[in-house]
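Below: one structure, written as structure tokens.
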Amino acid sequence: MLKYLDYYRAHLESLKKSPHTIKQYCIDTEQFLNYIQKNNLKLKEELDSVLIGYKQFLETEYTQISSFNRKVSSLKNFLSFLQDRSIINTVPDDALKQNKLEKRNIHPLSQTRLDQVLSVYLNKYRRISDREFGWIALRNFCVTRVIAELGLKPIEVVEMKWTHIHNNEIKVIRTKSVRTLSLSKSLIDWLELYKNETKMIFPLCDQVDYMWLGIGNKKYQPITEKTIERIFQTISKEVGFKVTATALRYSKIQNELDEKVDEQLNLLYIQLGYARKGVLVERVDRFTHES
DNA sequence: GTCTCTGAGTTCGGGCATGG
DNA sequence: CCATGCCCGAACTCAGAGAC
């Protein structure tokens, strides 16, 4: 049964699908084939009932509708691959309908919690006398400040470069877009301080444009998203509740919304790096104001 | 215009490796 | 030992395109 998986992978590769897609499709397909095997089902003869059972399995397994839909989507792709090779007769596409997305609430951080989060590395920085660890605390504080203030995603943070900053503005450069955000006076001062401290630790840092450097086994290399993730893991442990970069980003969006009126949404979605207004509107819809 | 699906990219958690 | 990179599987998010 699992031999189909190898054929399928070769098929996807021949279509020059991106490695991400191939990987995800194969994970999904392997899961499907394992399900059939474990339950002693026949793919060809019992396809309709297999699909009914499998959809139920997915539904109970994945509470996120978007995840469920992604699984169904790749299952559909796999089944039409089988159909093209006459391994199955038909792809019953009504059995492969995606579920409707329902709204899930986003809980932005309260101001109190936001302050707690920001103060973790600030306090460390003030407390620590060791030169290197002090610098790390300063770096991590600046990273959290940047995310809280600019609402950046982790990937956008690790790609920040000094030359993207001009006066009080920073350009956030993505594959297909650039947006310019303004920096507060306070943030500029912190970044300036961080830059000077960095020079003390890394004498040659002038030759590196990346803003956020690592101190471990890869000196003079920019940190990765993983390090950002770990910064938030540490913060979570200290404050006693779970906080992620995404939560900070959403909190920033909500703060912006509180200040801006509806018609300015148009500007806001560009500023926050959404390609369409719809995405932001959907997100806004999910905010709850209980906190 | 708005909704749906798809392909691709990002985030997350956790294990292991490495250089200081 | 620490910080952090690298890798993996899995979940989640996003954007383009086509359907309605």
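Just the heavy atoms: all of them, side chains too, but no hydrogens, waters or symmetry mates, feed the values below. Convention: sequence-line order gives letters A, B, ...; per-chain numbering from 1. Fair warning: this is a prediction, and the values are worked out from it, not measured in the lab.
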Side chain of [X], heavy atoms from C-beta onward: which of [options] has the nearest atom to it?
X	options	answer
A/Lys76	B/dT11, C/dT4, B/dC5	B/dC5
A/Tyr250	B/dT11, C/dC14, B/dA8	C/dC14
A/Arg139	C/dC12, C/dT4, C/dC14	C/dT4
A/Arg249	B/dA8, C/dC14, B/dT11	C/dC14

Please classify the nucleic acid contact of A/Ser74 as base, sugar-phosphate, or nothing, using heavy-atom distances under 4.0 Å. nothing
Does A/Glu132 have any salt bridge (charged side-chain N to carboxylate O under 4.0 Å, His left out) partners at least two apart in sequence or in another chain, and if so, which? none
Who pairs with A/Glu159 by salt bridge (charged side-chain N to carboxylate O under 4.0 Å, His left out), at least two apart in sequence or on another chain? A/Arg174
In this structure, how many angstroms lie between the [atom2] atom of [N] and the [atom1] atom of [X], rounded?
X	N	atom1	atom2	value
A/Ile136	C/dA3	CD1	P	6 Å
A/Tyr220	C/dA3	OH	C1'	17 Å
A/Leu138	C/dA3	CG	P	16 Å
A/Ile155	B/dA8	CD1	P	17 Å
A/Lys71	B/dT6	NZ	P	15 Å
A/Tyr25	C/dA11	OH	P	16 Å
A/Phe133	C/dC1	CZ	P	13 Å
A/Trp212	C/dG5	CH2	C1'	19 Å

Using C1' atoms of five pairs at each end, report the bend of the helix from B/dG1-C/dC20 to B/dG20-C/dC1 rounded to 10 degrees. 30°
What residues form a side-chain hydrogen bond (donor to acceptor under 3.5 Å, both in side chains) with [X], not counting sequence neighbours?
X	result
A/Lys226	A/Glu229
A/Asn77	A/Tyr8
A/Thr244	none
A/Ser119	none

Where along residues 223-231 of chain A does a heavy atom fall under 4.0 Å from DNA chain C? A/Ile223, A/Thr224, A/Lys226, A/Thr227, A/Arg230
Please work out which residues in residues 232-243 of chain A have a non-hydrogen atom less than 4.0 Å from an atom of DNA chain C and list them by number. none
A/Tyr121: ring pair (Phe, Tyr, Trp, His ring centres under 6.0 Å) partners, not counting sequence neighbours: none
Count the heavy atoms of every other residue, nucleotide or ligand shown that sit under 6.0 Å from CG of A/Asn167, and state whether that count exceeds 12. no
Tell me whether the side-chain N/O atoms of [X] come closer than 4.0 Å to OP1 or OP2 in [N].
X	N	value
A/Ser73	B/dT6	yes
A/Thr244	B/dT11	no
A/Asn77	B/dG7	yes

The side-chain contact (heavy atoms from CB on, under 4.5 Å) partners of A/Leu122 (sequence neighbours excluded) come to A/Arg126, A/Phe141, A/Trp190
Evaluate the criterion side-chain hydrogen bond (donor to acceptor under 3.5 Å, both in side chains) for residue pair A/Ser182 and A/Asn168; output intermediate values, then yes/no. CA-CA 6 Å; A/Ser182 61; A/Asn168 61 339; 5.7 Å; no
Answer yes or no: is there an ion pair linking A/Glu238 with A/Lys124, defined by an N-O contact shorter than 4.0 Å? yes
Enumerate the residue pairs fulfilling ring-ring contact (aromatic ring centres under 6.0 Å, His included) with a member in residues 224-245 of chain A, sequence neighbours excluded, ordered by first and then second residue. none
